[in-house]
Amino acid sequence: MPVIIPPIKSQGIKTKLVPWINDLILQSGIDVEHANWIEPFFGTGVVGLNTPVGGNRIVGDSNPHIIRFYNEVLAGNITPQNMRAHLQREGELLANAAENGYTHYREVKNRFNQEHSPFDF
């Protein structure tokens with residue numbers, strides 16, 4: 001089964017470990033159809049999004065921006081369509097900004113630090 005790649009990127013992502021982690025889960029002998037997944041450090045979500053368990057998934061993280069991002073996805077406020085539109089618009093602004101895009105980068109960074117928009121995250 002192909003690995004679901006999360007929309008958030010970070011250094012140290014476990015994408016390459018997902019098949020190994022899932023093999024461990026499947027070989028553990030637990031009833032995966034009814035097992036719950038509890039993950040206190042969700043991060044990008046690659047493991048939690050790909051685990052083969054069929055029960056509930058309870059996840060958390062200490063990073064409020066990750067929590068806000070996935071809550072907005074869950075609520076339907078972030079969709080592939082509106083995120084694509086946002087990224088295309090911001091990409092055009094970045095490509096045309098002074099200092100090889102650095103002025104727009106600073107604007108987005110400052111905007112995120114003030115508003116904490118999951119779109120800018």
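Taking the salt bridge (Lys or Arg N to Asp or Glu O under 4.0 Å) definition, one finds that Glu115 meets it with nothing, sequence neighbours left out. Listed by chain and number, the residues in a salt bridge (Lys or Arg N to Asp or Glu O under 4.0 Å) with Asp61 amount to none (sequence neighbours excluded). Residues meeting the ring-ring contact (aromatic ring centres under 6.0 Å, His included) test with His86, sequence neighbours left out: Phe119. The side-chain hydrogen bond (donor to acceptor under 3.5 Å, both in side chains) search around Asn110 returns none, not counting sequence neighbours. Every residue meeting the side-chain contact (heavy atoms from CB on, under 4.5 Å) condition with Ala97, not counting sequence neighbours, appears here in chain and number order: Thr103, His104. Remark: Pro19 engages Val3 in a side-chain contact (heavy atoms from CB on, under 4.5 Å) (not counting sequence neighbours). For Asn82, the side-chain hydrogen bond (donor to acceptor under 3.5 Å, both in side chains) criterion is met by Thr79, not counting sequence neighbours. For the salt bridge (Lys or Arg N to Asp or Glu O under 4.0 Å) test, no residue two or more places apart in sequence or in another chain qualifies with Glu107. Judged as a salt bridge (Lys or Arg N to Asp or Glu O under 4.0 Å), and not counting sequence neighbours, the contacts of Arg106 are Glu99. Under the ring-ring contact (aromatic ring centres under 6.0 Å, His included) criterion, Tyr105 pairs with Tyr102, sequence neighbours left out.
Side chain of Arg68 to main chain of Phe121: no donor-acceptor pair is present (N/O by atom type, distance under 3.5 Å, no hydrogens or angles).
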### Task
Please lay out, stage by stage, how Ile66 and Tyr70 fare under the test side chain to side chain contact (heavy atoms under 4.5 Å, CB included).
CA-CA 6 Å; Ile66 289 173; Tyr70 279 112; 4.0 Å; yes
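Under the 4.5 Å side-chain heavy-atom criterion for ILVMFWY residues, no single connected hydrophobic cluster contains both Leu74 and Ile78. Residues Val32 and Leu17 fall within the same hydrophobic cluster, defined by Ile, Leu, Val, Met, Phe, Trp and Tyr side chains chained together at heavy-atom separations under 4.5 Å. Linking ILVMFWY side-chain heavy atoms closer than 4.5 Å, directly or via other members, places Val73 and Val46 in two distinct hydrophobic clusters.
Atom NZ of Lys16 has 12 or fewer heavy atoms from other residues, nucleotides or ligands within 6.0 Å.
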Can I get a per-line list of side-chain donor-acceptor pairs under 3.5 Å for residues 21-28, giving both atom names and the distance, sequence neighbours left out?
from	atom 1	to	atom 2	distance (Å)
Asn22	ND2	Asn50	O	3.0
Ser28	OG	Ile25	O	2.6
Ser28	OG	Ile30	N	3.3

Cut-off 3.5 Å, no hydrogens considered: what does the side-chain donor-acceptor table look like for residues 34-44, sequence neighbours left out?
from	atom 1	to	atom 2	distance (Å)
His34	ND1	Asp31	OD1	3.4
His34	ND1	Asp31	OD2	2.7
Asn36	OD1	Asn56	N	2.8
Trp37	NE1	Glu39	OE1	2.7
Glu39	OE1	Gly48	N	3.3

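Taking every heavy atom of both residues into account, Met83 and Pro118 meet most closely at CE-O, 4.1 Å.
In this structure, NE2 in His65 is found 10.0 Å from CD1 in Ile67, a value given to the nearest 0.5 Å.
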